Amino acid sequence: RKRKTKAEADIAEMERDLMNGNLIKRDEVADELVKRVVVLKTDLLAMPKRLSRWPEAKEICEKIVIALLKNYSLKKGVFRK
């Protein structure tokens with residue numbers, strides 16, 4: 001009984017915080033994260049093209065960008081599913 005009362009109080013507090021703008025819904029956070037990742041990936045992929053005047057720098061940059069994208073594309077943590 002005591003746990004149920006505490007859980008209900010916690011839920012009411014979270015709902016109040018959400019209404020006051022102190023909390024953000026999980027879906028909104030996930031959407032914003034995806035948008036930012038897409039922008040970051042787009043910018044990373046465009047970087048070697050900006051270095052086309054310097055072939056050695058372009059080649060190094062391409063290798064690093066590919067390595068970064070491979071590493072961060074691995075499913076880790078909460079994204080393992």
Side-chain angles (χ1 to χ4, degrees):
R1 180 121 179 101
K2 189 175 182 181
R3 276 194 244 161
K4 182 181 177 188
T5 305
K6 181 173 177 0
E8 288 172 345
D10 289 345
I11 290 171
E13 183 180 359
M14 284 194 297
E15 288 174 348
R16 186 175 58 250
D17 285 344
L18 185 63
M19 292 171 90
N20 291 334
N22 297 330
L23 292 177
I24 303 171
K25 290 183 178 181
R26 183 182 296 193
D27 294 341
E28 292 175 26
V29 173
D31 289 344
E32 186 63 30
L33 178 64
V34 168
K35 288 176 189 175
R36 290 176 186 248
V37 168
V38 168
V39 169
L40 181 62
K41 183 178 177 183
T42 303
D43 289 350
L44 278 173
L45 289 171
M47 197 180 308
K49 292 175 188 167
R50 295 182 190 133
L51 297 171
S52 60
R53 286 189 262 167
W54 304 280
E56 290 177 16
K58 179 181 177 184
E59 185 180 333
I60 292 168
C61 185
E62 284 175 339
K63 288 179 183 178
I64 292 171
V65 167
I66 290 170
L68 277 170
L69 292 176
K70 281 183 182 179
N71 187 38
Y72 287 104
S73 294
L74 298 175
K75 294 183 179 184
K76 299 177 186 175
V78 297
F79 299 109
R80 277 190 209 157
K81 298 176 185 176

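Worth saying up front: this structure is predicted, and the values here are computed from it rather than measured.
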Extract all donor-acceptor atom pairs below 3.5 Å that involve side chains of residues 47-55 and protein atoms in other chains or at least two apart in sequence.
residue	atom	partner	partner atom	Å
S52	OG	K49	O	3.3

Show me the donor-acceptor pairs within less than 3.5 Å that the side chains of residues 59-70 make with the rest of the protein, sequence neighbours left out.
residue	atom	partner	partner atom	Å
E59	OE2	K63	NZ	3.4

- Could you list all the side-chain hydrogen bond (donor to acceptor under 3.5 Å, both in side chains) pairs where at least one residue sits in residues 29-43, not counting sequence neighbours? E32-R36
Please output the side-chain donor-acceptor pairs of residues 6-28 that fall under 3.5 Å, not counting sequence neighbours, one pair per line with the distance.
residue	atom	partner	partner atom	Å
K6	NZ	D10	OD2	3.3
N20	ND2	R16	O	3.3

